[in-house]
Amino acid sequence: MGFFGTYLYAGEQWTEHDPEQAVEVAGAWLLIDIHDSDFTVVRYSPEYDGTGVAYLGYTPRMYFESEDDDSRTDTTREATALTTWWTNHTPTADPAAAGSKRAELLPYLAEDHDTFDLEDEDGEDDEDLPDSEIYVEVKTADFLASLDLPLPPALEQLLA
């Protein structure tokens with residue numbers, strides 16, 4: 001797909017956002033920054049007990065092969081914080097479902113190792129992988145659906 005896009009969800013709608021610009025929004029927000037179909041940076045506020053940053057697809061550390069980078073991603077911490085974000089800032093959220101929501105979000109988050117390998121042991125492409133493991137746009141759409149959020153219009157149009 002080769003898609004790039006940065007979108008900010010604040011209030012009840014998505015807007016395009018410059019990835020180099022700080023988010024200056026009162027209240028809760030979530031930003032997705034999709035990089036060339038390979039990884040999505042998810043930033044959110046308030047951070048709760050997380051860092052305010054999670055990744056889908058690859059982490060930049062793995063994507064750019066920066067193994068000497070000391071920063072490591074704690075997916076459990078971010079899934080817990082994103083669940084708290086969902087509970088407090090999504091009108092349809094059921095606080096009683098927080099435990100199952102955390103378990104639902106966790107598999108979407110990238111860790112600091114390859115989350116999938118497009119080649120099988122014979123060096124052939126694995127055609128059995130779901131699209132969400134190949135195109136981060138699909139994984140991002142599924143992740144946003146898990147948060148009960150609509151898709152940004154450009155992403156919705158891309159996936160139609």
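Quick note: residue numbers are just sequence positions, from 1.
Checked against ring-ring contact (aromatic ring centres under 6.0 Å, His included), Trp14 has the following partners two or more places apart in sequence or in another chain: Tyr9. Residues satisfying the ring-ring contact (aromatic ring centres under 6.0 Å, His included) test with Trp85, not counting sequence neighbours, are His89.
Within the 3.5 Å criterion, the main-chain N or O of Thr80 finds a donor-acceptor partner in the side chain of Thr84. A donor-acceptor contact shorter than 3.5 Å links the side chain of Ser100 to the backbone of Ala97. Between the Ser146 side chain and the Asp142 main chain, a donor and an acceptor come within less than 3.5 Å of each other. Using a distance-only test at 3.5 Å, with no hydrogens or angles considered, a donor-acceptor pair links the side chain of Asp94 to the main chain of Ala96.
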Quiz item: Hey, mind stepping through Thr76 and Arg102 against side-chain contact (heavy atoms from CB on, under 4.5 Å) and telling me if it holds?
Solution: CA-CA 8 Å; Thr76 301; Arg102 184 179 148 289; 3.1 Å; yes

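Residue Ala98 comes nearest to Thr87 through the heavy atom pair CB-OG1, 4.3 Å, listed as atom of the first residue, atom of the second, then distance. A pairwise comparison of heavy atoms in Gly50 and Ala81 identifies N-CB, 3.4 Å as the closest pair. Annotation for Ala154 and Tyr7: closest pair CB-OH, 3.3 Å, computed over non-hydrogen atoms. Closest non-hydrogen pair, Ala79 versus Leu105, comes out as O-CD1, 4.2 Å. A pairwise comparison of heavy atoms in Tyr44 and Val53 identifies CE2-N, 3.6 Å as the closest pair.
In summary, the side chains of Asp148 and Thr90 do not present any donor paired with an acceptor at a separation below 3.5 Å, with no hydrogens or angles considered. For the residue pair Thr140 and Thr40, a side-chain donor N or O sits within less than 3.5 Å of a side-chain acceptor on the partner. For the residue pair Thr51 / Glu78, a side-chain donor-acceptor distance below 3.5 Å is found, with atom types taken as modelled.
For the atom pair Asp49 CG and Thr83 OG1, the distance stands at 11.5 Å (nearest 0.5 Å). Considering CZ of Phe3 and CD of Glu137, their distance stands at 6.5 Å, rounded to 0.5 Å. Note that the NZ atom of Lys139 and the CG atom of Leu56 stand 7.0 Å from one another [nearest 0.5 Å]. Taken from NE2 in His17 to CH2 in Trp29, the straight-line distance is 7.5 Å, to the nearest 0.5 Å. One distance of note links CG of Leu82 with OG1 of Thr75; it measures 11.0 Å at 0.5 Å rounding.
For the pair Leu106/Tyr108, no side-chain contact is recorded, criterion being any heavy-atom separation below 4.5 Å from C-beta on. Counting heavy atoms from C-beta on, the side chains of Pro152 and Ile32 come closer than 4.5 Å. Contact annotation: the side chain of Leu30 approaches that of Leu144 to within less than 4.5 Å [non-hydrogen atoms, C-beta and beyond]. Considering only heavy atoms from C-beta on, Thr59 stays 4.5 Å or farther from Phe39 through its side chain. Annotation: side chain of Tyr55 is in contact with side chain of Thr73 (closest heavy-atom distance under 4.5 Å).
Note on Val42: it does not cluster hydrophobically with Val25, by side-chain heavy-atom contacts below 4.5 Å among ILVMFWY residues. Cluster annotation: Leu31 and Leu149 are assigned to distinct hydrophobic clusters (Ile/Leu/Val/Met/Phe/Trp/Tyr, side-chain heavy-atom contacts under 4.5 Å, transitive). Leu158 is not connected to Leu8 by any chain of hydrophobic side-chain contacts under 4.5 Å among Ile, Leu, Val, Met, Phe, Trp and Tyr, and they are in different clusters. Both Ile34 and Leu147 belong to a single network of hydrophobic side chains, linked directly or stepwise wherever heavy atoms of I, L, V, M, F, W or Y lie under 4.5 Å apart.
A 6.0 Å sphere centred on CD of Gln21 holds more than 12 heavy atoms belonging to other residues, nucleotides or ligands.
Checking Asp18, Asp33, Thr15 one by one against Thr6, the side-chain hydrogen bond (donor to acceptor under 3.5 Å, both in side chains) holds for a single residue, Asp33.
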